[in-house]
Amino acid sequence: DFAADTLVRCLVLFFLFGTWAIEDISAVPELRTLRTEISSCDAVLESMETLLGGFQSDLAQISLEIQTLQEQSQTLQIKLKNRTASQSQLDSALEGLVVSPDLIKKIAEGEVNEFFLLHLLDLNKKMSYVKSHRGSHIRALKDVGPELERLRLKASDKIRDFLIKKIDSLKAPNANIGIIQKTVLLKYKELYGFLLERYGDAALEVRTTYIVTVSNYFYASFEKYVKSLQNLQTVVADKYDLIGTEETNRRGLFGKPQLKDKTNVFSLGDRIQTLLSADDGIILPHIAEEQKMKYPYEVIFKAITRLLMDNCSSEYLFTSEFFVTPKKGKSALIVGPPGSAFMEIFDPTLKYIQGVFKQHFDSAMDAVGVLICIRLNALNLRIMQKRRIPCLDAFINYVNIVLWPRFQGIMDSHIESLKKTQLNKIRDAHPHFIVRRYGELAVSILTLNEGFDDALLIHRYNLQASLFVSQLRCQYSLNRLRTEVEHLLDRMAEEIPDLKSRLVMFINNYDLLETILSDHTATSFDDEKAYFSTKIEASILEFVEVEMKGHVGFLTEFVERVELEKSVDALDISRFEAVAQQFNQTWKVSVAEANASILRSFPNFRNGARVLHNSLAHLVLYYRRFLALWEKRFLGRSRRVHPVGIQAVLAEVKRLRPMHFDKAVSQPTMASLAGLLRSSSGPLLVRGGIASLALLAPRPAALPAARIAGLVRAQAHTHDCGCGGCCSAGVLPAPLQSAGYKTKTALKLMCPGCFFTRRGGRLRVICKDNKKHKQVQG
């Protein structure tokens, strides 16, 4: 670098000073100096060239040495690879062929424990190696083969004795099979694997011994448990406890009726807790016997099935892990398909329990209990599916097929009992005990149908088509039973000659069913509620027409006949006056008689209040229509008879109303009645129930002079609307003065004599018994 730099500087100086020398001859000494420096540079460059040439020769020599080293490295690498492969094969051969004295001693003389298991695995590897190199040219194979065979036989014999001894320990009294399985058998499961691979006959003997021992253990345990639970069973229903069987038909030993809690036969009650409880419900027989406890069969069914599920799940997991099925070979034939060991173990137990269930349910007459067992069986299937253990699917399907036909058979028996019910003793219209039983049974079935997503069928299906198809017949069976109950009510009605009594019988029975169903808000009850609500409303409307026809039939017939006429003006006035006069003379007695008759006919006060509400509304409606016809006929004409004012009728209705009548009438009923009256007879005020019904007569657009004079006279006559003169339709009493009234924001009825009225555009409370109760809204 220094030489090159010097050369460049010299050349630059030559060009610069050369030009300058031509111009100025006096620069000759400097040029000589420059020449000397250039010569020095040439010498330096020559030395550098010599140095670089020597360096290039050195690099060529080094390259040759590197190439030689690479060839030597490749040779060493090939030798190392060959030696490593040879060493691996040699190590594998030594490991597979060399049998150490320690291995022989431990296998031949040692006890079966963790160390024995380690040496057994080593022996198994050596045997696998010898077997895999059986056709090779290894001389040591001939020497080590017999030794390994003797060790195999010795190890197999010791393993067989060890496993059979542990399996025999399961036969000991009070042996805990689960502890032995987890702490012993699963711990040494490689021992059985060695037998399965090296000595199939011994493995088959161990497997057979285990299956026979455990199968007998579970069979004896469940047989003892089931028999002990059968002693704790309480019989809820038998062949006499059908819905159509009278309670007096069941006789005891000496001909006396046997008393039993019949409510549990058809009512669900606390039995639903068996289904809702998250507890497995395992019953300890010795504790239950000491406490003298008895259980319905669904509790026993739950205890048996949940205990069976737990044991089957544990045994299925153990057998799947211990008796591992090889992929192929002779061992696969010994072990069988997956799950075969479990089925061989539990097959006798499952058949025994199936027989017990079938024997019980074939004679069971408790429809509620059978349906609870059906729901429990469905929950059991869900639990096993959640555990992902399919070992009990066939058992659950079998139980399901046993339960559903039996439930259908019990429902058929109930229906047949209704068809055979004798009605010779029907003498009153009170709710029948069969209807009460049906209501309780319907509530039980609908409650148990909630949450299981069962469709409501009206057709039959094949029971064995699906696991859940049979469940769809539940609602169909209930509909059939309901239809037969209605046929029974029709037969009962034929035994009652009086139409009114027949309607009372229908209303009382439908009201009983509606009351029983009304306590439940689940969606599965909606259709049943709607059905009987329609039935009772239709019966009430028909009863109201019959009842009020007996009291004010002359009024209703006259109104209906006159409304059919084209013109009211052409009708005879005397006919109007006769009807008005007859109503004036008899309306109070008719209202009182209707009130007493209705409340006497219906034992349920709420039901009686509803019927009375409709009856009085029927009366007010027809009388309002009569007053409208009266106004059309006598408009501008003098009259000899003055109809009773509608407010007087309402006042009498309020006076005769029963205590808490307003609360007995439901708001939907009030709303529907208010709409009916409003659409048929002008404006209507509904406040607090029937006690405050106030029909406001429509005011005419223009009144003649005589009518105005009548209004003035009516306003001058201030009273409590007790007469029949000034309260005719279209004439409102004069508003009372505020004197003597207590002004209140919210009015309240103080006693049975208080009633609401509207005068002068203000709502008031008037009392005939105590004037201190008078109130005005302010």
Side-chain angles (χ1 to χ4, degrees), residues 423-439 485-486 488-518 532-556 586-623 649 652-666 668-670 672-673 676 689-691 693 752:
L423 301 176
N424 298 330
K425 299 181 180 180
I426 301 298
R427 292 291 183 269
D428 54 43
H430 288 79
H432 201 272
F433 71 92
I434 292 180
V435 177
R436 173 183 59 81
R437 290 179 177 180
Y438 167 77
V485 170
E486 290 181 324
L488 177 66
L489 293 178
D490 294 337
R491 291 164 53 198
M492 293 169 57
E494 295 175 358
E495 299 292 330
I496 303 175
D498 185 14
L499 175 60
K500 176 183 173 181
S501 299
R502 289 200 296 268
L503 293 174
V504 170
M505 184 271 297
F506 279 116
I507 294 174
N508 284 332
N509 284 280
Y510 288 143
D511 174 70
L512 176 61
L513 293 174
E514 189 179 44
T515 302
I516 295 174
L517 295 172
S518 63
F532 286 110
S533 177
T534 303
K535 284 286 186 179
I536 194 172
E537 290 297 337
S539 300
I540 288 176
L541 291 178
E542 186 176 0
F543 172 81
V544 167
E545 294 180 359
V546 174
E547 175 69 22
M548 299 312 295
K549 184 176 182 181
H551 299 288
V552 291
F554 64 93
L555 176 67
T556 57
T586 61
W587 72 273
K588 287 188 177 181
V589 177
S590 298
V591 171
E593 290 179 352
N595 179 37
S597 174
I598 291 173
L599 295 181
R600 184 174 56 253
S601 299
F602 301 101
N604 185 352
F605 177 78
R606 184 183 182 86
N607 184 37
R610 177 168 54 174
V611 176
L612 181 59
H613 173 80
N614 285 273
S615 301
L616 297 179
H618 182 85
L619 171 63
V620 174
L621 176 61
Y622 270 92
Y623 190 60
V649 176
E652 184 65 18
V653 169
K654 300 168 190 175
R655 187 182 70 82
L656 295 176
R657 76 186 187 279
M659 187 177 298
H660 305 301
F661 181 78
D662 298 343
K663 297 181 180 180
V665 179
S666 61
T669 303
M670 290 296 303
S672 60
L673 180 62
L676 174 63
I690 191 64
L693 279 177

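Heads up: numbering here begins at 1 and tracks the sequence.
- The distance from the NE2 atom of His432 to the CG atom of Leu488 is 6.5 Å, given to the nearest 0.5 Å.
- In terms of heavy atoms, Ser539 sits closest to Leu503 at O-CD2, 4.5 Å.
- Taking the six-membered ring where the residue is Trp, His618 and Tyr622 present tilted rings, their angle falling between 30° and 60°.
- Between the CG atom of Leu555 and the CG atom of Leu619 there is a distance of 7.5 Å, given to the nearest 0.5 Å.
- With values rounded to the nearest 0.5 angstrom, Ile434 atom CD1 is found 7.5 Å from Met492 atom CE.
- Heavy atoms only, all atoms of each residue included: Met548 and Ala594 are closest at SD-CB, 4.3 Å.
- Partners of Lys500 under the side-chain hydrogen bond (donor to acceptor under 3.5 Å, both in side chains) rule, at least two apart in sequence or in another chain, are Glu547, Ser597.
- Among all heavy-atom pairs drawn from Asp511 and Asn604, the shortest one is OD2-ND2, 2.7 Å.
- The distance from the OH atom of Tyr438 to the CG atom of Leu512 is 12.0 Å, given to the nearest 0.5 Å.
- The two residues Ser501 and Ile496 make their nearest non-hydrogen contact at CB-CG2, 3.4 Å.
- Scored by the ring-ring contact (aromatic ring centres under 6.0 Å, His included) test, Phe543 finds Phe602 as partners (sequence neighbours excluded).
- Across all non-hydrogen atoms, the minimal contact from His430 to Asn509 is O-ND2, 4.1 Å.
- Counting only distance, with no hydrogens or angles, the side chain of Asn607 and the backbone of Pro603 share no donor-acceptor pair below 3.5 Å.
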Report task. Check step by step if side-chain contact (heavy atoms from CB on, under 4.5 Å) holds for Arg610 and Ile536. Result -> CA-CA 11 Å; Arg610 177 168 54 174; Ile536 194 172; 2.9 Å; yes
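- Here Asp490 contributes atom CG and Arg502 contributes atom CZ; the two are 10.5 Å apart, rounded to the nearest 0.5 Å.
- With a 4.5 Å cut-off on side-chain heavy atoms, Phe506 and Leu489 count as touching.
- Considering CE of Met505 and CD of Glu495, their distance stands at 10.0 Å, rounded to 0.5 Å.
- Judged purely by atom type and a 3.5 angstrom limit, Asn595 has no side-chain atom pairing as donor or acceptor with the backbone of Val591.
- Phe554 places a side-chain heavy atom less than 4.5 Å from the side chain of Thr586.
- For Ser615 against Ile598, the heavy-atom pair with the smallest separation is OG-CD1, 3.2 Å.
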